[in-house]
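Notes for the one structure printed next.
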Protein chains: 4
Amino acid sequence: MLLKIEFESDVPIYTQIKNQIIEGIALGILKEGDEMPSIRQLASDFGINLHTVKKAYDLLKDEGFLNVHRRKGYVVTKNAFADDNFIEELKKDLQPILANAYSRGMMQDEILTICEEILRKFKNKE
Amino acid sequence: MLLKIEFESDVPIYTQIKNQIIEGIALGILKEGDEMPSIRQLASDFGINLHTVKKAYDLLKDEGFLNVHRRKGYVVTKNAFADDNFIEELKKDLQPILANAYSRGMMQDEILTICEEILRKFKNKE
Amino acid sequence: MLLKIEFESDVPIYTQIKNQIIEGIALGILKEGDEMPSIRQLASDFGINLHTVKKAYDLLKDEGFLNVHRRKGYVVTKNAFADDNFIEELKKDLQPILANAYSRGMMQDEILTICEEILRKFKNKE
Amino acid sequence: MLLKIEFESDVPIYTQIKNQIIEGIALGILKEGDEMPSIRQLASDFGINLHTVKKAYDLLKDEGFLNVHRRKGYVVTKNAFADDNFIEELKKDLQPILANAYSRGMMQDEILTICEEILRKFKNKE
DNA sequence: GTGGTCTAGACCACA
DNA sequence: GTGGTCTAGACCACC
């Protein structure tokens, strides 16, 4: 699992970490049961503060992607599921992004192809 | 064009305005040449600050969705286009959202269908 | 709304704050729409750190008892409801406490009476 | 007596052990005079540290639920009783839990019924 | 060793 | 003014 943090980005560091871990799960790089690097480890690896890492981990825990094991620390889990609420949020998140692409002249198919490309990289479910 | 502002959203108000105007363009509700309500008008309609509306309008101007006309005020334009930079950004924006949906157990097809649904609402280009 | 913090308690300060706010809602002292004191305000009132207060507020937000309004700050809301998950948790929380009382020789009725007393203080729903 | 330890719970393991033993007593599974498994035994059964088990046992001893017998090891006893202090603590523990349930829209009767259900499982005193 | 809590203080985004 | 993010560093609980 290789994280890449952009310090100049306007997206918060903890969000970058969170997103990349979720992408790691989608890509099959991170599997259920995998132990995450300790908060302090990851923080020192990237030269960031442990609270920043903790916030990312805690959000992932709240969403059901991580669990805290009393001995192993944070562990990948898969309790997150797509309920109706999530689907609603998903649409709300996608809508402005897709609208922007469309309003810039892209065709529906072009946009769909990009979505497909991204999804194809994700590991097929066994 | 009906704007709906959620004061308890974590999305900044100026972003909400900006997004909804872009969506209005995608949906065909706002067409090239349409005059936007004045900053003062819109601000007082929603009981928000002038600066907030101006920030949204200015961002839209920077992106090529609005123009400032000396007499008519802000006017819908269509100078925004999808260059390589934008496509890169688009992918970067979509990736974490799609990964999240996928990691929650949704199938690629399900996710694509949602994208398609959203896109279908947008007005076909004449 | 009067908060009382016990610094020598082994229950974390942010939990004390969180609990008392929930009790305030149950008692009818805090009503939907009420604006909470600002993070900094409450922190300085009690001589504690603003992060501690923020953690309490954020937990309450996650549970649906508070919302962040862009102008008013944290506001009492009532999105929290008792789904099956909550009921499960509730039982899991109550069980050891009630077992302890029972194992110390209290009769079922005695224990129930205490629960009733506590519940009776809560404001009847209109 | 079957213990079940959740390593990913936020409840400390020694507390889980302690609680389940008290519940065992309430349920009548553990009776006065019963010999507990040895610390070593229990620790190795669950792959946990000796100190963790010892801490649970010692706390139970302090509260009057266990006694140390020179030969038999830890033995169930029933010296624990509900003095005024305990009743105070009991109320303090119950209040936030019940307030939470109530603030989520449960009716007083619903909550009481749950308490009753739990209590009913406990063995009637002979 | 791990995570959990709390402090003190800085700077930024938003309205 | 509000909350949001990040840092640096301390001390504790648990295993």
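Chain letters run A, B, ... following the sequence lines, proteins first, then strands; residues in each count from 1.
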So what does [X] touch, heavy atoms closer than 4.0 Å: a base, only the sugar-phosphate, or nothing?
X       : value
C/Ile13 : sugar-phosphate
C/Tyr57 : nothing
C/His51 : base
A/Lys72 : nothing

- Is it true that the side chains of A/Gln95 and B/Glu23 contain a donor and an acceptor less than 3.5 Å apart?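 A donor-acceptor contact under 3.5 Å links the two side chains.
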- Query: Do A/Asn85 and A/Glu89 get their side chains close enough for a donor-acceptor pair, meaning under 3.5 Å?
  - Reply: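 Per modelled atom types, A/Asn85 and A/Glu89 side chains form no pair under 3.5 Å.
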- Could you please name the partner base of E/dT2, counting Watson-Crick and G-U wobble pairs only when both distances are under 3.5 Å? F/dA13
- Query: If you measure from the Lys or Arg side-chain nitrogens to the Asp or Glu carboxylate oxygens, is any gap between B/Glu6 and C/Arg70 under 4.0 Å?
  - Reply: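 No, no charged N to carboxylate O under 4.0 Å.
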- Reading DNA chain E 5' to 3', which nucleotide is the first, and which the last, to come under 4.0 Å of any heavy atom in chain C?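 Contact span on the strand: E/dT5 to E/dA15.
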- Once you round to the nearest 0.5 Å, how far does CZ of C/Arg71 lie from CD1 of B/Ile48? 8.0 Å
- Item | Residue met sooner reading DNA chain E from 5', once C/Gly47 and A/His69 are mapped to nucleotides |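 Nearest nucleotide further toward 5': that of A/His69.
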- For C/Thr15 and for B/Pro12, find the nucleotide of DNA chain E with the closest heavy atom, then tell me which residue's nucleotide is more 5'. C/Thr15
Whole angstrom value for the distance that separates [atom2] of [N] from [atom1] of [X]:
X       : N      : atom1 : atom2 : answer
D/Phe7  : F/dC15 : CZ    : C1'   : 10 Å
C/Asp10 : F/dA13 : CG    : P     : 9 Å
D/Leu50 : F/dC15 : CG    : P     : 14 Å

- Check for a donor-acceptor pair, side chain of A/Ser103 on one end and backbone N or O of A/Asn100 on the other, with a separation under 3.5 Å. no
- Give a yes or no on whether D/His69 atom NE2 has more than 12 heavy-atom contacts from other residues, nucleotides or ligands under 6.0 Å away. yes
- Query: Start at the 5' end of DNA chain F and walk down; is the nucleotide closest to A/Val11 or to C/Pro37 reached first?
  - Reply: C/Pro37
- Query: Picking from D/Phe65, D/Tyr74, D/Tyr14, what satisfies ring-ring contact (aromatic ring centres under 6.0 Å, His included) with D/Tyr57?
  - Reply: D/Tyr74
